[in-house]
Protein chains: 4
Amino acid sequence: MQTPKRGRGRPPNTPAAIERRRTEIIEAAYEVFADKGYHAAGIADIAARLEIGHGTFYRYFDNKRDILDHVVDYGVGRVLALVVPDDLAEATTREELRAQLTTLGTRIFTEVVDRDPRLPRMILFEVTAIDAELLQRVLGLLETVGALVSPLLLNGVRRGFLRADLDVEAAARALTGCVIAGLFALVRKSMTTTERERYIDTVVSMICDNVEPKPAQSPRGRAKKSASS
Amino acid sequence: MQTPKRGRGRPPNTPAAIERRRTEIIEAAYEVFADKGYHAAGIADIAARLEIGHGTFYRYFDNKRDILDHVVDYGVGRVLALVVPDDLAEATTREELRAQLTTLGTRIFTEVVDRDPRLPRMILFEVTAIDAELLQRVLGLLETVGALVSPLLLNGVRRGFLRADLDVEAAARALTGCVIAGLFALVRKSMTTTERERYIDTVVSMICDNVEPKPAQSPRGRAKKSASS
Amino acid sequence: MQTPKRGRGRPPNTPAAIERRRTEIIEAAYEVFADKGYHAAGIADIAARLEIGHGTFYRYFDNKRDILDHVVDYGVGRVLALVVPDDLAEATTREELRAQLTTLGTRIFTEVVDRDPRLPRMILFEVTAIDAELLQRVLGLLETVGALVSPLLLNGVRRGFLRADLDVEAAARALTGCVIAGLFALVRKSMTTTERERYIDTVVSMICDNVEPKPAQSPRGRAKKSASS
Amino acid sequence: MQTPKRGRGRPPNTPAAIERRRTEIIEAAYEVFADKGYHAAGIADIAARLEIGHGTFYRYFDNKRDILDHVVDYGVGRVLALVVPDDLAEATTREELRAQLTTLGTRIFTEVVDRDPRLPRMILFEVTAIDAELLQRVLGLLETVGALVSPLLLNGVRRGFLRADLDVEAAARALTGCVIAGLFALVRKSMTTTERERYIDTVVSMICDNVEPKPAQSPRGRAKKSASS
DNA sequence: GATGAATGAGCATTCATTCAT
DNA sequence: CATGAATGAATGCTCATTCAT
């Protein structure tokens, strides 16, 4: 009955090999958690996927909860690697910024989501339910991501192609929210390329083409803010 | 062999009383789930909170999962009751819309969140992790809420105080995302009134003061929109 | 949700009415136990079948175990009524006995089993598993039934158309066993009329055409027993 | 949250050891079920009897119902091992058959029952009540046992020392029934050796000394059946 | 008398974790 | 180091029984 399945028998001795094993386990755990959810998944599932004994798991991680932190790192790392990278070049025109943000958005929805649609669900919904600490961690992560956008906006304000009185922090958070809403939508059901593009355009425009409120109906009032800047 | 002794019997006999009891249990479950999380919570906790036998729970709900649906209804109902209500009056000017949206945002962050900060966490993070069905349900709910905003925007477009080419659907979704980001921030840590106000202002402005992009590079060319407006 | 189903509202006041109610409950219990088995059946099932409150059950019977005794009585009573009755007339010839036994057997397999195939399963397999007492009771019942046959055989011996040295008790028990085997077979799967007849004939013949063993191999030896009789 | 401390770990690693453990558990389950009955018995009882954790039980069997099949195998195996074995030698005379059957009967009542009087009760009354499948299984088993006798009888018919028109199938079933009746009697109360012997003799004689019905007693009457039919 | 709301003992089952091999 | 056998805390759920109405 109990197939006396042989372990892999690849004994990691060197520090490097140990690290490799840890990574394997994390990846396996990611897969298992993504497929079945944290609670429904068992350590045995993870071990089975690697064809290692489940006792072995505990040689690399303290407990089930412990590995989750690493899985989050792994997942978030994957996102950031694909999204954040390079083009930190400061935009010099509104259109450059528009292009930057559009690229960013496209990447998130394409690179990330298409590569593994379970990822956003995993991070946003699976992990956040485990305990307060992980929730805070993920929320902090999102905040951090938002913080990455701030400089771009600040640069726009400084260079004058974004409205001078823009609350950069708030706008960055709003932008993050727009991304989240997009992810929510994708978790819910897939979107066509056109839908994605239009959504991204709309959001980017909300940032880039956001002008100071005109003195409303009031006839000849000069824009007050331009003066103050 | 079996010695089930007691049977005190405080009997909700009338349909009304039964409904009351159901509500009590739902509220208790809400509290327990909000405090300990769905998985950590036991039926016994819910029963204990009401000082009823845990068998009684099963007279009113089929099982642990069953009540969760009702808890969601209860939670969502609370939100909607506070937020959605009346002011369906169509805005006739940009400033009216701005006011409408600002009020809406303020309500969400104040009425809802201040009344029970656990509510958004419960709905967004606790419930969504249980199973695919509930996840879809919550996401659908958010979509629905977004759909409620569309008419407001569409009205603005029709009346000419929102940019003519606005993708109303996308903008509504973006707006929803901004709300979510705000809730995320509030789940993470409380915000000062000023912070909230500034965030709301920023978001509302992103919608209301979003103009059609100028012909890009073209130097000092007059904004075409200004002409059309 | 809980359809507040009204009780029958037929309040048994007179002793006769009370007895009628008891009988109703016993019959309902018989049905329920026969359908679902004693353990799988609940008091609620019995009550539901009669559309009475399940508390009412306890006004007529002490507990679940208690009613089983009555159900057995009811079931056994049905059998006996159909099988045992009248023709106690003493057979005067082997053929008369043969006819008597054949009739008896036919009745058991036809009247009883055809009328309710669940009955033998109920008595033999359901009830006997409950506890030692009921097991003994059913076994005693079978013994009793066997005892009813003894006189018929004894009569045969006395009149000389059954072998003189027949162990009447043992034969009666054997005959009972043959009936039981038949019932087992019927519980297992239905039998054609022909199969039944052949089985009955075979069994009856084993009783009626059972002669004293000849002195074994010894050729023409006189039957010793005939001398002793 | 989870503090599953222990993990002593006496490890049946080899397939042989695993099988041994399985057998231990089956035996323990047999004892427990025989003593308390299936429903009254708990997995904990079985585990306690072996002084193992009750979680261990589930390493070897899927669930409570699962092991019952094995317990039946175990019980039936014990019976068959003691009863069925060897002497397949074909009888050449009626007396040899008589001896064969007598031996068989004696074995059943002595070897089997004396060794563990609970066994027949277990198989016939405990197991058959669990569910339809097990009931059918046991009944099928009995049928099979009956089928083992058929050849013996058929042989007798062929050799001419059993009546030529014997319905071998029916007779085998009847014989099985006689054995069952004997077991019933033994479950009810013990029998003296003499009682057993007389019962066996009577039954065996019913088979071996069963002759074709004479044309009845009626003096010069032609065989009435041929006439009347 | 009838009712059914309430009750909680009881139990099967899961699975993270330990540790002897 | 790796393993997986053993473990038992923990929990959802059922249902016979009681008793206030």
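Residue numbers begin at 1 in each chain, while the letters A, B, ... track the order of the sequences.
Note that Lys64(D) lies outside the cation-pi zone of Phe57(D), set by a 6.0 Å cut-off to the ring centre and a 45° limit from the axis.
Residue Ile46(A) contributes atom CD1, which lies 11 Å from atom P of dT17(E) at whole-angstrom precision. In this entry the distance linking CZ of Arg59(D) with C1' of dA6(F) reads 7 Å, nearest Å. Taking atom NZ on Lys64(C) and atom C1' on dC15(F), their separation rounds to 8 Å, with Å as the unit. The interatomic distance linking Tyr58(B) (OH) with dA9(E) (P) rounds to 16 Å, in whole Å. Rounded to an integer number of Å, the gap from Glu51(D) CD to dA6(F) P is 14 Å. Computed from coordinates, the Phe61(D) CZ to dA5(F) P distance equals 14 Å when rounded to whole Å. If you measure from atom CG of Leu50(A) to atom C1' of dC1(F), you get 16 Å, rounded to the nearest angstrom. Note: CZ (Arg20(B)) to C1' (dA5(E)) measures 14 Å, nearest angstrom.
Heavy atoms of Ala41(D) sit under 4.0 angstrom from primed sugar atoms or phosphate atoms, though from no base atom. Nucleic acid contact class of Gly55(B) (heavy atoms, under 4.0 Å, all strands): base.
Under the side chain to side chain contact (heavy atoms under 4.5 Å, CB included) test applied with Val127(D), the options Val76(D), Asp69(D), Val72(D), Leu135(D) reduce to a single match, Val72(D).
At least one side-chain nitrogen or oxygen of Arg21(C) sits closer than 4.0 Å to the OP1 or OP2 atom of dA2(E). Taking only side-chain nitrogens and oxygens, Tyr60(A) never comes nearer than 4.0 Å to OP1 or OP2 of dC1(F). When the side-chain nitrogen and oxygen atoms of Thr56(B) are compared with OP1 and OP2 of dA5(E), none of them lie within a distance under 4.0 Å.
Remark: Arg118(A) does not engage Glu126(A) in a salt bridge, criterion side-chain N to carboxylate O under 4.0 Å. Using a cutoff of 4.0 Å between basic side-chain nitrogens and carboxylate oxygens, Glu133(C) and Arg65(C) are scored as salt-bridged. The existence of a salt bridge linking Arg49(D) and Asp35(D) is confirmed by a sub-4.0 Å separation between a basic side-chain nitrogen and an acidic carboxylate oxygen.
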message: Dot-bracket for DNA chain F, please. Rules: Watson-Crick or G-U, both distances under 3.5 Å, ( ) within the strand, [ ] when a pair crosses earlier ones, | for another strand, . otherwise.
response: .||||||||||||||||||||
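When each of His54(B) and His54(D) is assigned the nucleotide of DNA chain E with its nearest heavy atom, His54(B) is the one assigned upstream, toward the 5' end. Residues Gly53(B) and Asp62(A) both approach DNA chain E. Their nearest nucleotides, taken by heavy-atom distance, put Gly53(B) toward the 5′ side. Between Ile43(B) and Asn63(C), it is Ile43(B) whose nearest contact on DNA chain F lies nearer the 5' terminus. Residue Phe57(A) is the one, among His39(C) and Phe57(A), whose nearest nucleotide of DNA chain F lies closer to the 5' end (criterion: closest heavy atom).
In this structure, Tyr30(A) and Tyr74(A) have perpendicular ring planes: the angle between them is above 60°, well past the 30° mark.
Here the shortest heavy-atom pairing between Phe125(A) and Leu124(B) reads CD2-O, 3.7 Å.
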